[in-house]
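To start, the structure itself, in C-alpha cells.
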Amino acid sequence: MKTSVRVLLTTCGFMWLTALSVAQQLPDKKEVLNKMVLANDYFMQKFPDVGMKLVTDAVRPSNIWTRGVYYEGLMALHTIYPKEAYYDYAYAWADFHKWGFRGGNTTRNADNYCAGQTYIDLYNISPDPEKIKNVRICIDMLVNTPQNDDWWWIDALQMGMPVFAKLGVLTNDYSYFSKMLDMYMYTKTRHGGKGLFNPEDGLWWRDKDFVPPYKEPNGEDCYWARGNGWVYAALVRVLDIMPTDAPGYDEYMTMFKQMSVAVNKVQRKDGFWNVSLHDAKNFGGKETSGTALFVYGMAWGINNGILDAKKYLPVVVSGWNAIANESLHEDGFLGYVQGTGKEPKDGQPVNYTNVPDFEDYGLGCFLLAGTEVYKLK
C-alpha cells in the first residue's frame with residue numbers, strides 16, 4: 001500500500017473514531033427533553049396563576065427579572081417542543097401585565113425590562129404592535145438619552161442586552177446595537193473605577209463592591225458563578241441573533257471565547273461549578289443555576305461551530321448530567337439552586353432539598369441549557 005493511501009486511511013479512521021467517541025458522549029435527546037418537560041410541568045402546576053404576586057422578603061409583581069428569566073427558558077423550550085400550553089402560559093403572563101414593566105416605561109433598571117425578551121418572542125410568533133409598544137417606548141428612551149452607566153452590576157447584561165438585540169433585529173435599526181455596545185463597554189471598562197471585567201482572569205467582578213482590593217478568604221478575586229453565568233448567557237443571546245456587521249459583534253465574540261477558556265478551567269470534577277469560581281472552599285459545593293448557564297453557553301458555542309467540540313463537549317456533557325441527574329428530583333423540583341443575592345455567601349444554604357426564595361430563574365437557566373444540549377449533534 002502506498003504511503004499516501006495508508007496515511008489517508010489512517011486519518012479517516014481516526015476521524016471516524018473521534019466522531020464515534022463524540023456521538024457516544026451525547027445525552028439521549030428524548031431523555032433531555034423529558035427532563036426539561038418534567039421540571040417545567042412541576043413549575044406550571046405549582047404556579048398556575050401567572051399573575052400571582054411573588055412573596056418572599058417583600059411582595060413583588062410576577063413580571064420581575066426572576067420570572068422573566070424563567071420565561072426566557074420556557075420560550076427556548078417552546079422552540080424545540082412547541083406545546084400550546086407553553087405558549088398560552090407565556091401569553092397569559094404577558095397579557096396579565098399588559099405587556100409592560102415594573103416601574104413603567106420610564107424605568108432604567110434592566111431587571112425591570114428583562115420581561116421584554118419574552119414579549120418580543122411572543123410578538124415574533126404572532127405580530128401585534130401592542131405586544132411590544134411598551135418595550136419600544138422604554139428602550140427607545142434609553143437609546144435617546146445620554147446615560148450609559150445603567151448596568152452597574154453584571155447581571156444586568158443578561159437582563160438588558162437581549163432586549164436591545166431583539167429590537168435591533170426586529171426593526172433593522174442599528175442604533176439599538178450601538179447603544180447596547182456603549183452601555184456594555186461602560187460596564188466592562190468604567191464601572192468600579194476601571195471596569196468590572198478582569199482580562200487577566202477572563203472573568204467579571206459582580207459590581208464595584210468586589211473590585212480589588214476585595215478578596216475571597218483564600219486571597220483570590222471574587223468571581224461569583226451565577227454573575228459570570230449571566231454575562232456568558234447575555235453574550236450567547238445577542239450573538240445568536242445579531243448581524244455580524246452590527247456594532248459590538250466582534251467584541252462579544254472575543255469575550256465569549258475568552259470567558260469559555262476561563263470557565264472551562266474551574267469546572268468541578270462532578271460537573272458542577274462552585275458559587276465562587278476561584279475559591280472552592282468559600283461555600284463550595286454543587287450549584288445548579290451557574291452550572292446551567294455555563295452549559296447553555298458552551299453547548300451553544302459547540303452547536304454554532306465556535307467552540308471545539310473535542311475540548312468542550314465533555315465539559316458540557318458532564319455539566320448537563322450533573323444538573324439533570326443530581327439536581328432534578330423525581331417530581332421535577334430543582335435542587336442545589338442558590339437563592340438570590342450577589343455573592344457566594346448569599347442565598348444559602350444550597351443543597352438538594354432546600355427551596356430557594358424564588359423557584360423560577362433556576363428553572364429558566366435549566367431550560368436554556370437543556371434546549372442547547374438537545375440540539376447537540
Side-chain angles (χ1 to χ4, degrees), residues 56-58 60 64-66 68-69 109-111 114 149-160 186-188 190-235 259 262-263 265-268 272-297 319 323 327 334-351 354-362 364-366:
T56 55
D57 59 329
R60 300 175 177 88
I64 63 171
W65 71 267
T66 66
V69 170
N109 188 328
D111 283 351
C114 172
D149 60 353
D150 293 332
W151 297 340
W152 53 264
W153 73 113
I154 60 176
D155 316 31
L157 300 183
Q158 197 286 141
M159 310 305 159
Y186 198 104
T187 305
K188 177 187 175 184
R190 297 187 62 182
H191 272 306
K194 295 183 179 179
L196 299 180
F197 177 67
N198 184 358
E200 292 184 7
D201 290 330
L203 296 168
W204 296 67
W205 300 294
R206 196 268 182 177
D207 58 51
K208 65 180 179 62
D209 292 342
F210 301 97
V211 173
Y214 185 92
K215 296 291 182 183
E216 290 283 70
N218 69 348
E220 291 278 340
D221 283 13
C222 180
Y223 302 119
W224 180 42
R226 189 163 69 231
N228 278 271
W230 290 137
V231 179
Y232 202 51
L235 298 170
M259 286 192 70
V263 169
K265 292 178 180 178
V266 291
Q267 185 183 33
R268 291 162 49 99
F272 287 92
W273 275 265
N274 290 304
V275 292
S276 176
L277 295 180
H278 277 202
D279 189 347
K281 294 183 179 180
N282 188 27
F283 295 93
K286 302 172 183 179
E287 202 285 313
T288 297
S289 61
T291 297
L293 291 169
F294 294 142
V295 169
Y296 168 55
I323 59 177
S327 299
L334 277 175
Y336 297 114
V337 175
Q338 184 185 14
T340 55
K342 67 176 189 175
E343 60 178 308
K345 71 177 180 61
D346 293 338
Q348 299 289 339
V350 176
N351 57 46
N354 187 63
V355 180
D357 50 354
F358 296 90
E359 291 188 62
D360 41 16
Y361 62 87
C365 299
F366 181 82

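Keep in mind that this is a model prediction, so the values were computed, not measured. Worth knowing before you read on, the calculation uses all heavy atoms, side chains too, and leaves out hydrogens, waters and symmetry mates.
Nearest heavy atom pair, residue Val275 against residue Pro344, reads CG2-CB, 3.8 Å. Residues Tyr361 and Pro356 share a closest heavy-atom pair of OH-CB, 4.5 Å. Of all non-hydrogen atoms in Ala233 and Gln158, the two that sit nearest each other are CB-CG, 4.0 Å. Between Thr288 and Ser327, the shortest heavy-atom distance links the atoms OG1-OG, 2.7 Å.
Aromatic ring orientation, Tyr186 versus His191: perpendicular (interplanar angle above 60°, classes split at 30° and 60°). Between Tyr214 and Phe210, the ring planes are perpendicular. Angles over 60° get that label, and only those under 30° would be called parallel.
With hydrogens and angles disregarded, no donor-acceptor distance shorter than 3.5 Å links the side chain of Asp111 to the backbone of Trp65. The closest donor-acceptor contact from the side chain of Ser276 to the backbone of Lys281 lies at 3.5 Å or more, if one exists at all. Here the side chain of Gln338 pairs a donor or acceptor atom with the backbone of Asp346 at under 3.5 angstrom. Under the 3.5 Å distance criterion, the side-chain polar atoms of Trp273 are matched with a main-chain donor or acceptor of Val263. For Asn354 (side chain) and Pro349 (main-chain N/O), a donor-acceptor pair under 3.5 Å exists by modelled atom type. Checked by atom type and distance alone, the side chain of Asp357 pairs as donor or acceptor with a backbone atom of Thr340 at under 3.5 Å. Between the side chain of Asn274 and the backbone N or O of Gly285, at least one donor-acceptor pair lies under 3.5 Å. In this structure a side-chain-to-backbone donor-acceptor pair under 3.5 Å is present from Asn218 to Glu220.
Here the options are Trp152, Phe197, Trp151, the test is side-chain contact (heavy atoms from CB on, under 4.5 Å), and the partner is Thr187; only Trp151 passes.
The shortest side-chain heavy-atom distance between Leu196 and Val211 falls under the 4.5 Å cut-off. Counting heavy atoms from C-beta on, the side chains of Pro217 and Asp279 come closer than 4.5 Å.
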Determine whether Arg226 and Asp155 satisfy the following criterion, salt bridge (Lys or Arg N to Asp or Glu O under 4.0 Å), listing intermediate values before the conclusion.
CA-CA 8 Å; Arg226 189 163 69 231; Asp155 316 31; 5.9 Å; no
What do the steps show when you test Tyr223 against Trp204 for side chain to side chain contact (heavy atoms under 4.5 Å, CB included), and what is the final call?
CA-CA 6 Å; Tyr223 302 119; Trp204 296 67; 5.8 Å; no
Does the pair Thr291 and Tyr336 meet the rule for a side chain to side chain contact (heavy atoms under 4.5 Å, CB included), with working shown?
CA-CA 10 Å; Thr291 297; Tyr336 297 114; over 6 Å; no
Are Trp230 and Ser289 close enough, and set up right, to give a side chain to side chain contact (heavy atoms under 4.5 Å, CB included), and what steps lead you there?
CA-CA 10 Å; Trp230 290 137; Ser289 61; over 6 Å; no
Can Asp221 and Lys215 be said to form a side chain to side chain contact (heavy atoms under 4.5 Å, CB included), step by step?
CA-CA 5 Å; Asp221 283 13; Lys215 296 291 182 183; 2.6 Å; yes
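Rounding to the nearest 0.5 Å gives a distance of 8.0 Å between CG of Asp201 and NZ of Lys265. Summarising the geometry, atom CD1 belonging to Ile323 is positioned 13.0 Å from atom NZ belonging to Lys286; distances are rounded to the nearest 0.5 Å. One finds the CH2 atom of Trp224 at 9.5 Å from the CG atom of Asp207 (value rounded to the nearest 0.5 Å). Distance CG/Asp360 to CD1/Ile64: 7.0 Å, rounded to 0.5 Å. In this structure, CG in Asn282 is found 11.5 Å from CG in Leu277, a value given to the nearest 0.5 Å. The CG atom of Leu203 sits 11.0 Å away from atom OH of Tyr232, with the distance rounded to the nearest 0.5 Å.
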